[in-house]
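First comes the structure, then the notes that go with it.
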Amino acid sequence: MSKNVNVIAVLKAKPGMEEQMRAQARSMAEASLAEPGCLSYRNYVDPDDPRSWVVVEEWADRAALEAHLASPHLARSLELSSTLLAEPPSLRILAEVD
């Protein structure tokens, strides 16, 4: 039986790029939530550092996440984000346990 897969990404925008990065994050949420197997896609901003935020995704299984990772909208987002982020995102993929 497949287990849900969660992704936690920590991102930090370049100074002055906060609004552009938030717009990019919102567009990723909309596109990702339309994908089969995407159960949740949420963005959280650090109230003490508006340049930093966390994206938490939940996928029905690893296959759904792999399809997302191969999606054209993610490739476009990663290309655009490279000009907006101060550093590469930190990414954790976690699977549910019994």
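- Put simply, V7 and V10 are part of two different groups of oily side chains (I, L, V, M, F, W, Y) that touch within less than 4.5 Å, one to the next.
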Original post:
Could you walk me through whether R92 and N6 pass the side-chain contact (heavy atoms from CB on, under 4.5 Å) check?
Top reply: CA-CA 8 Å; R92 295 287 308 266; N6 293 278; over 6 Å; no
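- Judged by distance alone, the side chains of S40 and E57 never bring a donor and an acceptor atom under 3.5 Å apart.
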**OP:** Apply the test side-chain contact (heavy atoms from CB on, under 4.5 Å) to residues H68 and L74: give CA-CA distance (whole Å), side-chain angles for both, the deciding distance (0.1 Å), then the verdict.
**Re:** CA-CA 7 Å; H68 168 67; L74 179 59; 4.0 Å; yes
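- For R62 and E66, the salt-bridge test passes: some basic side-chain N is under 4.0 Å from an acidic carboxylate O.
- Grouping the Ile, Leu, Val, Met, Phe, Trp and Tyr side chains by contacts below 4.5 angstrom, directly or via other members, places L78 with M28.
- Between M17 and T83 the shortest heavy-atom distance is CE-O, 4.0 Å.
- Using a 4.0 Å cut-off between a side-chain N of Lys or Arg and a carboxylate O of Asp or Glu, D49 and K12 qualify as a salt bridge.
- Using a 4.0 Å cut-off between a side-chain N of Lys or Arg and a carboxylate O of Asp or Glu, E79 and R76 do not qualify as a salt bridge.
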Subject >> L94 and I8: CA distance, side-chain angles, deciding distance, side-chain contact (heavy atoms from CB on, under 4.5 Å) verdict >> reply: CA-CA 8 Å; L94 307 166; I8 300 171; 3.7 Å; yes
**OP:** For W53 and L11, run side-chain contact (heavy atoms from CB on, under 4.5 Å): C-alpha distance rounded to whole Å, both residues' side-chain angles, the deciding distance at 0.1 Å, then the answer.
**Re:** CA-CA 6 Å; W53 66 93; L11 304 105; 3.7 Å; yes
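- Put simply, the side chain of S77 never gets that close to the backbone of H73: no donor and acceptor are under 3.5 Å apart.
- Looking only at distances, no side-chain donor or acceptor of S32 sits under 3.5 Å from a matching main-chain atom of A29.
- Between A64 and P36, the shortest heavy-atom contact is CB-O, 3.9 Å.
- Between P89 and L85, the shortest heavy-atom distance links the atoms CD-CD1, 3.8 Å.
- D61 and V5 make their closest contact through C-CG2, 3.7 Å (heavy atoms, listed as atom of the first residue, atom of the second, distance).
- Note on V54: it does not cluster hydrophobically with L84, by side-chain heavy-atom contacts below 4.5 Å among ILVMFWY residues.
- What you find for R51 and K14 is that their closest heavy atoms are NE-C, 3.8 Å.
- Of the options L69, L65, N4, I93, a side chain to side chain contact (heavy atoms under 4.5 Å, CB included) to W59 is made by L65 and by none of the others.
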